[in-house]
There are 2 protein chains.
Amino acid sequence: MLRLSKLTDYAVVVLAGLDRAERNRRVMAVPEIALASGLAEPTVAKVLKILGQAGLVEGLRGARGGYRLGRALHEIPLSDVIVAFDGPIALTACVDGASGGCEAEAMCPVRGRWDPVNRAIRDALAHVTIADLAGPARCHGTPAALVLNA
Amino acid sequence: MLRLSKLTDYAVVVLAGLDRAERNRRVMAVPEIALASGLAEPTVAKVLKILGQAGLVEGLRGARGGYRLGRALHEIPLSDVIVAFDGPIALTACVDGASGGCEAEAMCPVRGRWDPVNRAIRDALAHVTIADLAGPARCHGTPAALVLNA
DNA sequence: GGAAACCGGACGCACTTGGTCCTATTTGGA
DNA sequence: TCCAAATAGGACCAAGTGCGTCCGGTTTCC
Ligand code: FES
Ligand code: FES
């Protein structure tokens, strides 16, 4: 359905919640983040694990541990979050060297023609930051709407 | 995975195949299209049925029947095909009035903020025509790449 | 040393997707 | 008039995958 997974959606919410702690230079533990975001605790944990692997958040282990933002929200492009959860951004299975995903591979008239479309989607998603999605604070200079509707 | 369904992919191939018949003002039957596109016959039939419901192709019933393009390929935006197979183009479940798809609905900080992103994707997809994907013939004036990478 | 917290992976349920097939309806031709 | 050809529409089942949950292991502070 051209939809990204729920986890990706949750990730944005979690990141937005973490941002509030960031301003106080605190770390937040999972239960606290779950409460702040209204999501189930195990789900939040899973989201943060994946975000950690992608380097978007930093996890501090041990007692009094928690999570902290790896970068500021306005430096995290939406595409990074999507890639972390949904894998590479490509509309079709038959891109570049990926053979075998398609049945009409031999005589296919659209072989490789999706590439410009994929690149366009990637670009659009790369120019939106999580800060644009998280709140009314404009920290990027150009609001997302301006860039996107050009 | 931000992927569109295989059926959508096949639809583009099928439409490209139909275009060759269109130039001769002929109609093509399912077996012929299947042969031309290299796809399985029942699959092609299913694709054409859906395309017919969307008005993108016209089916002529009875003996000597077949399928014909509803419009020229360069007048069919990619978004129309995607909508026919994958439903409305929206990255997240929580758009506009669609409540219930999300758990953190009450206190969600990103409620409604996806809309500009969705609109951007929709616009990008609406400016690519099937003709852009189907072959080297440029019939739209501006090639897709130019519009997309602006 | 114990408690608190993250880390990594495995498991199972459930939904969606895809491919196939069958029947009804329509139309052209013998 | 009757039959063959071809679409229309839906039902059906199998496979894959996303999603939520849980558990044991490891690290760090008190
Ligand atoms: S190779 Fe996949 S649709 Fe052509
Ligand atoms: S309402 Fe769905 S993420 Fe906010």
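Considering all non-hydrogen atoms of both residues, B/H74 and B/T129 come closest at O-CG2, 3.4 Å. Nearest heavy-atom pair across B/A54 and B/A84 is CB-CB, 3.8 Å.
Checked by distance alone, A/K6 brings no side-chain donor or acceptor within 3.5 Å of a matching partner on the base of D/dG18. Put simply, the side chain of B/R61 and the base of C/dT25 share a donor and an acceptor less than 3.5 Å apart.
Environment of CZ in B/R71: crowded, with over 12 heavy atoms of neighbouring residues, nucleotides or ligands closer than 6.0 Å.
B/L60 comes within contact range of the sugar-phosphate backbone alone, with a heavy-atom separation under 4.0 Å but no base atom that close. Among the heavy atoms of the strands lying under 4.0 Å from B/G66 are primed sugar atoms or P, OP1, OP2 only; no base atom is included.
In the set D/dG9, D/dG20, D/dT26, the nucleotide with an atom closest to the side chain of B/Q53 is D/dG9. Of all nucleotides listed (D/dC19, C/dT20, D/dG10), D/dG10 comes nearest to the side chain of B/K49. When the nucleotides D/dG20, D/dT21, C/dC6 are ranked by their closest atom to the side chain of A/A29, C/dC6 comes out on top. Of the listed nucleotides (C/dG19, D/dC19, D/dT26), D/dC19 has the atom at the smallest distance from the side chain of A/L7.
Here D/dA8 presents its C1' atom at 14 Å from CG of B/L51, a figure rounded to the nearest Å. Rounded to whole Å, atom P of D/dA6 lies 12 Å from atom CZ of B/R26. At whole-Å resolution of the value, CG in A/L4 and P in C/dT16 are 17 Å apart. B/F85 places its CZ atom 19 Å from the P atom of C/dT16, with the value rounded to the nearest Å. Per the geometry, CD belonging to A/E58 stands 17 Å off P belonging to D/dT27, to the nearest Å. Atom C1' of nucleotide C/dA5 and atom CD of A/E41 are separated by 11 Å, given to the nearest angstrom. Distance B/R3 CZ to D/dG18 P: 9 Å, rounded to the nearest Å. The interatomic distance linking A/K46 (NZ) with D/dC19 (P) rounds to 9 Å, in whole Å.
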Identify the pairs formed between an N or O of the protein and an N or O of nucleotides 2-4 of chain C at a distance under 3.5 Å, and give each distance.
from  : atom 1 : to    : atom 2 : distance (Å)
C/dA4 : N3     : A/A63 : N      : 3.4

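Under the 3.5 Å distance criterion, with hydrogens and angles disregarded, a donor-acceptor pair is assigned to the side chains of A/S5 and A/D86.
A 4.5 Å side-chain heavy-atom check between B/Y10 and B/V44 finds every atom pair outside the cut-off.
Considering only side-chain N and O atoms, A/S5 lies under 4.0 angstrom from the phosphate OP1 or OP2 of D/dC19. For C/dT17, the OP1/OP2 oxygens have no side-chain nitrogen or oxygen of B/Y10 closer than 4.0 Å. At D/dC19, none of the side-chain N or O atoms of A/T43 fall inside 4.0 Å of OP1 or OP2 (strictly under the cut-off).
Here B/V27 pairs with B/L60, B/R68 under the side-chain contact (heavy atoms from CB on, under 4.5 Å) rule; sequence neighbours left out.
Using a 4.0 Å cut-off between charged side-chain N and carboxylate O, B/E32 and B/R26 make a salt bridge.
B/R113 places no side-chain N or O within 3.5 Å of a backbone atom of A/A134 that could act as its donor or acceptor partner.
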